[in-house]
Structures are given as C-alpha cells and as structure tokens.
Q: 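I am attaching a structure below and will ask some questions about it afterwards.
What you see is a predicted model; the values in this text were computed from it and never measured.
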Amino acid sequence: MLKIYNTLTRKKEDFIPLNPPAVTIYSCGPTVYDYFHIGNARSFVMSDIVRRYLIYSGYKVKFAMNLTDIDDKIINKANAMGIDSKEVAKKFSDAFFEDIDKLGLLRADINPRATEHIPEIIAMIEALIKNGKAYEVNGDVFYEIRKFDGYGKLSGKNIDNLESGSRVEVNEIKRDPLDFALWKSAKPGEPFWESPWGKGRPGWHIECSAMSCKHLGDTFDIHCGGSDLIFPHHENEIAQSEGATGKPFAKIWMHFGFLNIDNEKMSKSLGNVFNLRDMVKKYKPETLRFFYEQTHYASSLNFTAEALESADRGLEKVNNLFDTVKSALAGKPDSGAHSFDFEKSYIAFKEAMDDDFNSPKAIAVVFDFIKEVNTYIANGDNLTREFYEGALEFLKKTADGVLGILRTEKVENSDSGLEEELIQLLLKLRVDAKLEKNYALSDKIRNELLTLGITIQDTKEGSTYKKNR
RNA sequence: GGCGCUGUACCCAAGUGGCUUAAGGGGAAGGUCUGCAAAACCUUUAUUCGUCGGUUCGAAUCCGACCGGCGCCUCCA
C-alpha cells in the first residue's frame with residue numbers, strides 16, 4: 001500500500017485514488033521568463049519520480065504541468081530584452097522542453113498555458129464574484145480571503161498572526177492586506193486581454209485553479225510543487241478552486257524541499273543560481289537525477305561539487321552492471337534454470353517506494369541487487385540466459401523505468417562507425433603488444449585512450465572499452 | 001512576533017519505540033583477480049545517533065530543557 005505524506009493533513013496517508021486505476025496529478029511548472037535552474041530541476045525530477053512510480057504501480061496517470069507564460073516577470077524580461085512578452089515566453093518554453101528532455105523527464109500529458117485559458121480564468125473569477133468571494137475595484141479583481149473559511153489550512157497559518165507581523169505591502173484599494181489579485185488591469189504598454197472588468201491579465205494564482213479544473217476536474221488526486229509554494233500560491237489555489245466550485249480541491253498535497261548551494265540559499269545576489277542547461281554540460285543528466293534521488297524529496301538538499309562527483313562515481317556501478325549484463329546476453333548464453341531470487345528485490349523496491357516515495361531507500365535496494373548479481377556472476381553457476389534477462393529486466397524496470405538513472409542508448413548511437421572501427425583497431429594493436437609482452441606500448445595505448453575519455457578493461461573474453469563521456 | 005523543519009561515521013544519507021548492539025553511496029585501508037591496471041568480489045572504517053535529563057521492560061526513534069543549522073510568513077521550485 002502506497003503511503004504519501006500530505007501537507008494538508010500533516011500525516012502520511014494511504015494513497016486511495018478518487019477513480020482507480022486513474023490518477024490525476026497537477027505539478028506546478030515554470031514561469032517561462034528564464035532558463036530554469038537546478039533547484040527547479042529537483043522539483044521537476046521528483047514529480048517525474050512520483051509519476052513514474054505510479055505508472056510502475058499500475059495506475060493510469062494523467063499528469064499536467066502548467067507553463068506560466070504571462071506575468072510580471074515575463075513583462076519585465078520582455079522590456080529588458082526589448083522584445084514582446086510572447087517572444088520571451090516562446091523562447092523559454094522551447095528551452096524548458098529541451099532541458100527537461102535532457103533530464104529524462106517524461107513529457108507531461110498536458111502542458112496547459114495561462115494565455116491559452118483566458119476564458120476559463122475569466123469564468124472562474126466570475127464564479128468567485130458571484131459567490132461573494134471576490135470584488136472588483138477599478139478594473140482589478142481581488143479575492144477576499146476573509147470570505148473563505150478554510151484560508152490558511154494548507155500552510156497552517158492563522159490569518160490574524162499573518163497580519164500582525166505582516167510585511168505585506170499596504171494597498172489602499174484592497175479590503176484586507178492579504179487579499180490577492182485575480183485579475184490585474186493593464187497599465188499602458190502592457191499586454192492585455194479583454195474581460196468584463198476591462199483590459200487586463202490574470203493574477204498569478206488563478207491560472208492553476210482554472211487549468212487544473214479544466215483538465216483534471218474540480219477534485220483531483222495529487223498536487224505537487226516546491227515547498228516555497230505552500231504559501232501563498234497553493235493556499236490561494238485552494239481558496240480559488242474551492243471557493244468557485246464548492247468542492248474539495250486536490251486530495252493530496254506534496255511539497256519538495258529546497259536546494260541549497262554549498263549550504264547557502266540560491267539567490268541572484270549571491271551569484272549562485274545555476275541553470276540546468278549549464279550544469280548538464282558539466283555533469284551527466286543521470287548523475288543529476290541520481291544526486292536528487294539520493295535524498296528524500298521533502299528534505300532540503302545541499303548541492304556541492306563533491307556530492308555530484310560522489311554521485312557520478314556511485315552511478316558507475318549501476319551502469320557497469322547494465323553493460324555487463326547486456327554484453328553477456330549478446331554472447332548468447334545457454335538457457336536453463338537459475339537460482340537467483342529476483343522477487344525479493346522487487347518486493348524490497350516496492351516497500352521502499354511505497355513508503356512516501358523513499359527514493360534513497362529504493363536506491364539502496366538497487367545497490368544491494370547489484371552486489372548480489374555481481375557476486376552471483378563471480379561465482380559462475382547457472383549463468384543462463386534467463387538469469388541475465390531477469391537481471392536486465394530488474395534494472396530496466398527500476399533503475400531506468402522509475403529512477404531514470406541508467407545511461408541512455410543515445411550516446412552510443414551517436415558514435416560514428418569510423419570512430420568505433422578506430423578504437424577497435426587500437427584495442428587490437430594493444431592486444432598484440434601484450435602478447436609480445438611489450439607492456440610499455442600496451443600501457444601507452446591504454447593511458448592515451450584514457451585521456452580521451454575511454455577506459456580499457458581487460459576481461460577473460462578480451463579487451464573492452466567504455467566511454468566516460 | 002507567528003508557523004514549521006532539522007542535527008546519524010571523514011563526506012552524503014536512510015532508519016522515527018524491539019526485525020537495526022544503525023541501510024546504501026562516496027572516500028580511506030588491507031586482500032583476491034591481473035604483466036600492471038580497470039571492473040568485480042571479500043575484509044576493515046558509528047557499542048553509537050548535537051548535549052543533558054525524563055518516560056519505558058526496551059529509545060537514534062517519545063517528552064522536556066539547552067546548544068547549533070535552516071525554511072516560510074514578500075516574488076521564488
């Protein structure tokens with residue numbers, strides 16, 4: 001039984017979907033005004049793990065991740081770049097998809113964009129006004145949080161405490177400092193849409209309510225995002241959706257912990273905001289995923305070069321076994337029974353992930369598995385086709401299917417045929433040198449190739465090589 | 001001021017009342033294999049879980065105090 005920690009109830013709960021086997025998930029996506037950074041990437045990867053594991057568990061998952069393509073940050077960026085806000089959104093939306101593909105994220109079933117849902121947004125705001133939860137002032141529409149009884153239930157905040165120590169800026173036109181904008185009237189030169197309240201654009205929070213409602217229904221299973229979104233963004237989403245529909249909004253709220261850089265908060269002033277795009281040039285995408293998954297999703301995580309290098313070396317063990325098994329199968333082993341217990345590892349993996357997506361524990365299961373398989377191979381008994389296929393299947397289902405940390409095939413396919421032939425030629429020359437006991441030459445070939453990122457391994461079956469990328 | 005999280009080996013990190021006299025990864029040391037390596041395997045690396053008390057037959061796990069670290073309350077994944 002899968003258990004998930006629910007921010008709303010502050011408890012680990014049994015996961016019972018509304019309409020099994022269907023599961024609906026809404027994950028807060030990027031505001032497309034810049035390349036996303038490695039902190040965003042953590043949230044994206046962890047929501048990808050949630051989704052992949054639910055699929056692994058047999059659910060039919062509908063996964064929506066929004067793109068916020070109109071808001072103040074985009075307008076500011078457009079002004080700074082001297083281009084239209086639409087162009088900004090287009091540029092960074094495209095970049096977003098390129099980057100998540102690199103990270104091995106499954107594409108969402110739906111990527112709703114705010115600007116494509118203006119009618120739905122307006123309809124929801126109208127419903128809120130009709131329900132007495134929102135009011136218009138000179139073309140702006142605000143949500144009146146005092147009219148929503150449950151305001152503060154997600155973040156555990158008491159409205160009165162919020163106000164007393166408030167740093168909320170005073171806005172004369174709002175009835176309460178905590179009231180937030182549903183619709184913002186357009187200032188001269190700003191992009192706008194026509195609405196019953198005049199020309200303007202949606203506030204930040206309303207798009208998620210309107211779009212999740214349209215694509216997943218009034219009530220859906222899981223809503224996830226970074227823990228900084230709990231207040232006010234998610235709190236406001238609940239007020240909007242439940243205030244408009246009168247029905248419960250997301251059943252389970254999942255929040256991902258923050259990423260620090262060298263024990264410091266990522267911030268522009270510290271100059272330690274790293275784009276995923278740049279980081280992927282330095283570290284393999286699987287290494288980044290593995291690094292993220294080695295810590296539970298709810299904990300904060302410290303990003304250091306040392307930790308990434310440690311992750312990179314650890315990941316080698318997974319890929320080494322994958323290579324070993326693949327090449328053993330290519331060697332056409334005999335079929336027949338084996339005595340390896342795969343079931344035990346599957347059960348342990350499920351237990352780990354069922355416990356609130358405990359990926360660090362699941363990774364430990366994979367490493368236990370790797371050691372057992374390597375030992376089994378080292379002992380050399382019953383190394384049948386069935387055994388290797390079983391090992392390959394486990395790695396593909398868990399390390400690849402759920403965790404996404406196996407080295408992908410893409411790189412190998414990018415090798416040119418000539419490069420492969422040249423490397424094989426060098427391997428052959430080296431073997432000849434070894435047979436003549438010309439170790440000076442054979443070691444030179446090995447060392448030179450190593451500096452090119454190619455590691456040679458001599459096995460009983462002959463010399464093989466591995467690219468370190 | 002309000003709300004919440006957190007302190008586990010050299011580093012990262014799971015475990016949150018007995019299955020653990022503490023998983024897994026990295027690092028380090030020794031060994032097997034090898035011409036030497038690499039990979040893989042074996043052994044070693046926390047009688048101890050920030051400190052001090054308490055509850056309990058039993059605590060890293062619960063409670064209290066204290067000492068650290070951090071987040072949110074404002075845009076933020």
Q: Of the nucleotides G35(B), A40(B), A77(B), which has the atom closest to the R430(A) side chain?
A: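 From the listed options, G35(B) comes nearest.
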
Q: Going by side chain to side chain donor-acceptor pair (under 3.5 Å), name the residues that satisfy it together with Y376(A), two or more places apart in sequence or in a different chain.
A: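 Side chain to side chain donor-acceptor pair (under 3.5 Å) list for Y376(A), sorted by chain: S339(A).
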
Q: Specify the separation, in whole Å, of atom CZ of F256(A) and atom C1' of C72(B).
A: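 Taking atom C1' of C72(B) as the reference, CZ of F256(A) is at 18 Å.
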
Q: What nucleotide among C72(B), A23(B), G26(B) has an atom nearest to a side-chain atom of D368(A)?
A: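 Nearest listed nucleotide: A23(B).
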
Q: Identify whether any heavy atom of N302(A) sits under 4.0 Å from a base atom; if not, whether one sits that close to sugar-phosphate; answer base, sugar-phosphate or nothing.
A: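 Nothing, no nucleic acid heavy atom in range.
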
Q: Distance check needed: C3(B) C1' versus F231(A) CZ, whole Å only.
A: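 After rounding, the reported distance stands at 11 Å.
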
Q: The side chain of S310(A) lies closest to which of these nucleotides: A14(B), G26(B), C41(B)?
A: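 Looking only at heavy atoms from C-beta outward on S310(A), the closest nucleotide is G26(B).
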
Q: Write down the distance between CG (N40(A)) and C1' (A77(B)), rounded to a whole number of angstrom.
A: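 Result: 5 Å.
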
Q: Check every strand shown and say whether S442(A) touches a base, only sugar-phosphate, or nothing at a heavy-atom separation below 4.0 Å.
A: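 Base contact - S442(A) has a heavy atom under 4.0 Å of at least one base atom.
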
Q: Calculate the interatomic distance between I370(A) atom CD1 and G25(B) atom C1'; express it in whole Å.
A: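 One finds 10 Å between C1' of G25(B) and CD1 of I370(A), rounded.
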
Q: Could you go through I363(A) and E293(A), starting from their C-alpha distance and side-chain angles, then the distance that decides it, and tell me whether this counts as side chain to side chain contact (heavy atoms under 4.5 Å, CB included)?
A: CA-CA 8 Å; I363(A) 285 172; E293(A) 293 163 9; 3.7 Å; yes

Q: Centroid distance below 5.5 Å plus an interplanar angle below 30 degrees: do Y439(A) and G35(B) meet both conditions?
A: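 Here the ring of Y439(A) and the base of G35(B) are stacked, with centres under 5.5 Å and planes under 30°.
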
Q: Answer with base, sugar-phosphate or nothing: what part of the nucleic acid does L450(A) contact at a heavy-atom distance below 4.0 Å?
A: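 Answer is nothing: L450(A) stays at 4.0 Å or more from every strand.
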
Q: Could you tell me how far apart K434(A) (NZ) and A38(B) (C1') are, to the nearest whole angstrom?
A: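 Rounded to whole Å, this separation is 11 Å.
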
Q: Where each pair must be Watson-Crick or G-U wobble with both distances under 3.5 Å, what dot-bracket representation of RNA chain B is obtained, with crossing pairs in [ ] and other-strand partners as |?
A: ((((((((.[[[..)..(.....]]]((((((.......))))))....[[[[[..)....]]]]])))))))....

Q: Mark this stacking check for F44(A) against A77(B) as yes or no, applying ring centres under 5.5 Å and ring planes under 30°.
A: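 Here F44(A) fails the 5.5 Å or the 30° condition.
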
Q: Regarding R430(A) and E448(A), does a basic nitrogen lie under 4.0 Å from an acidic carboxylate oxygen?
A: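 A salt bridge is absent here (no side-chain N lies under 4.0 Å from a carboxylate O).
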
Q: Contact class for G225(A) vs. all strands (heavy atom < 4.0 Å): base, sugar-phosphate, or nothing?
A: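 The answer is sugar-phosphate, as G225(A) gets under 4.0 Å only of primed atoms, P, OP1 or OP2.
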
Q: Taking atom C1' in both A13(B) and A46(B), what distance in whole Å separates the two?
A: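 So the two C1' atoms sit 14 Å from each other.
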
Q: Ignoring the backbone of Q294(A), work out which of G25(B), A14(B), A77(B) is nearest its side chain.
A: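 Taking heavy atoms from C-beta onward, the closest nucleotide is G25(B).
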
Q: So what does K466(A) hit on the nucleic acid, given a heavy-atom distance under 4.0 Å: a base, only sugar-phosphate, or nothing?
A: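 No contact at all - K466(A) keeps every heavy atom at 4.0 Å or more from the nucleic acid.
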
Q: State which of G25(B), G2(B), A14(B) makes the closest approach to the side chain of K157(A).
A: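 Among G25(B), G2(B), A14(B), the one nearest the side chain of K157(A) is G2(B).
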
Q: Contact class for R313(A) vs. all strands (heavy atom < 4.0 Å): base, sugar-phosphate, or nothing?
A: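 It contacts sugar-phosphate atoms only.
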
Q: With sequence neighbours excluded, tell me which residues meet side chain to side chain donor-acceptor pair (under 3.5 Å) with N40(A).
A: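 Counting only residues at least two positions away or on another chain, N40(A) forms a side chain to side chain donor-acceptor pair (under 3.5 Å) with H37(A).
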
